[in-house]
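Presented below is the structure to which this report refers.
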Amino acid sequence: GAIHFDFKRYPFESWHSIWHRWDTRHFERLAQYSYSPLGLSQLDHEFLSHVPPGFPTLIWMLTKVGIPLYFAGFLIPILSFVIASLILYELALHEYKDRKVALRAVTYLAIFPTSYFSQMPYSEATFLMWSVLCFYFLRVKENLFLACLFAFLATTTRWIGVTLFPVLALQGLIWLR
């Protein structure tokens, strides 16, 4: 039989609250108050001080044009995932010269078991977008400056973005040869 969620037993849960958890609240806090320690315990402030500013800044920017905080957090990853998918298609098409392979790359990205994170107010989809744009400008447009810019934006979204810079440096050295 069907599984029914008992909202009376858990009155604070709703159909959307499952997506509004964990890091989402941290990103919203940073979008609202930046890295201010006001109202935070020392432990919470220390934790938030390690969160990169890129994703919360994008949320903040959307709130400044009138989009509510809650919706801005959802809108950014969804748009980021769409842009990442379109750019990934172009990148794969450039690398493999085969539309089926390019479409397959995007399909696998979309159906990968953890792709649901790209629909949540988390920074993963935005990081993916900046990273794919980095490789697109590196490989397709051969523009090292823009590739570095997108690597920087990826790093402001998730610290693991620093791993893009050795790749860029290596490609730059290859071009100099």
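What you are looking at is a predicted structure, and each value in this text was computed from that prediction instead of being measured.
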Enter the distance from [X]:[atom1] to [Y]:[atom2] here, rounded to the nearest 0.5 Å.
{"X": "Leu88", "Y": "Leu133", "atom1": "CG", "atom2": "CG", "result": "10.5 Å"}
{"X": "Ile76", "Y": "Phe55", "atom1": "CD1", "atom2": "CZ", "result": "5.0 Å"}
{"X": "Leu146", "Y": "Leu153", "atom1": "CG", "atom2": "CG", "result": "10.5 Å"}
{"X": "Arg104", "Y": "Asp98", "atom1": "CZ", "atom2": "CG", "result": "7.5 Å"}
{"X": "Ser118", "Y": "Leu79", "atom1": "OG", "atom2": "CG", "result": "11.5 Å"}
{"X": "Leu168", "Y": "Gln171", "atom1": "CG", "atom2": "CD", "result": "8.5 Å"}

Side-chain donor/acceptor of [X] to backbone N/O of [Y], under 3.5 Å:
{"X": "Tyr136", "Y": "Ala84", "result": "no"}
{"X": "Ser115", "Y": "Ala110", "result": "yes"}
{"X": "Lys141", "Y": "Leu138", "result": "no"}
{"X": "His45", "Y": "Gly39", "result": "no"}
{"X": "His94", "Y": "Arg139", "result": "yes"}

For [X] and [Y], which heavy atoms make the closest approach, and how far apart are they?
{"X": "Ser85", "Y": "Leu109", "answer": "OG-CD2, 4.0 Å"}
{"X": "Pro56", "Y": "Leu30", "answer": "CB-CB, 3.6 Å"}
{"X": "Leu144", "Y": "Gly172", "answer": "CD2-CA, 4.0 Å"}
{"X": "Thr155", "Y": "Gly161", "answer": "OG1-C, 3.1 Å"}
{"X": "Pro77", "Y": "Pro121", "answer": "CG-CA, 4.0 Å"}
{"X": "Leu164", "Y": "Ala154", "answer": "CD1-CB, 3.8 Å"}

Are Phe112 and Tyr108 close enough that their ring centers fall under 6.0 Å?
->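 No, they do not, as the ring centres are separated by 6.0 Å or more.
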
Run the numbers on Arg29 and Asp44 for side chain to side chain contact (heavy atoms under 4.5 Å, CB included), then give the verdict.
-> CA-CA 11 Å; Arg29 168 74 164 79; Asp44 285 341; over 6 Å; no

Taking it one step at a time, do Met61 and Thr57 satisfy side chain to side chain contact (heavy atoms under 4.5 Å, CB included)?
-> CA-CA 6 Å; Met61 290 169 65; Thr57 301; 4.1 Å; yes

Let me check something: do [X] and [Y] share a hydrophobic cluster, defined by ILVMFWY side-chain heavy atoms less than 4.5 Å apart, either directly or through other members?
{"X": "Ile87", "Y": "Val167", "value": "yes"}
{"X": "Val51", "Y": "Leu69", "value": "yes"}
{"X": "Met120", "Y": "Val82", "value": "no"}
{"X": "Leu86", "Y": "Val106", "value": "no"}

Is any side-chain heavy atom of Val140 less than 4.5 Å from a side-chain heavy atom of Glu90?
->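 Side-chain contact under 4.5 Å: no.
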
Is the shortest heavy-atom distance from the side chain of Tyr35 to the side chain of Pro53 under 4.5 Å?
->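 Of all side-chain heavy-atom pairs linking Pro53 with Tyr35, at least one is under 4.5 Å.
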
Flag if over 12 foreign heavy atoms under 6.0 Å of OH, Tyr96 |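 Check fails, neighbour count at 12 or below.
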
For atom NZ of Lys97, is the number of surrounding heavy atoms from other residues, nucleotides or ligands below 6.0 Å larger than 12?
->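 For Lys97, atom NZ is crowded (more than 12 foreign heavy atoms under 6.0 Å).
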
Among all residues two or more places apart in sequence or in another chain, which pass the ring-ring contact (aromatic ring centres under 6.0 Å, His included) test with Phe127?
->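 Expected list: none.
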
Judged by modelled atom types alone, do Glu46 and Gln42 share a side-chain donor-acceptor pair under 3.5 Å?
->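 Side chains of Glu46 and Gln42: pair found under 3.5 Å.
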
Tell me, with the steps shown, if Phe74 and Gln119 meet side chain to side chain contact (heavy atoms under 4.5 Å, CB included).
-> CA-CA 7 Å; Phe74 279 99; Gln119 312 306 311; over 6 Å; no

Before giving the answer on side chain to side chain contact (heavy atoms under 4.5 Å, CB included), spell out for Phe81 and Ile78 the whole-Å C-alpha distance, their side-chain angles and the decisive distance to 0.1 Å.
-> CA-CA 5 Å; Phe81 189 77; Ile78 291 170; 5.9 Å; no

Of the options Val162, Thr163, Thr157, which is the one that meets Ile160 in a side-chain contact (heavy atoms from CB on, under 4.5 Å)?
->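 By the side-chain contact (heavy atoms from CB on, under 4.5 Å) criterion, Ile160 pairs with just one of Val162, Thr163, Thr157: Thr163.
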
Looking at Leu58, Ile59, Leu48, which hits side-chain contact (heavy atoms from CB on, under 4.5 Å) with Phe27?
->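 Single side-chain contact (heavy atoms from CB on, under 4.5 Å) partner of Phe27 among Leu58, Ile59, Leu48: Ile59.
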
Applying ring pair (Phe, Tyr, Trp, His ring centres under 6.0 Å), which residue pairs with at least one partner in residues 147-177 are found, sequence neighbours left out?
->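 Residue pairs with at least one partner in residues 147-177: Trp130-Phe150, Phe137-Phe150.
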
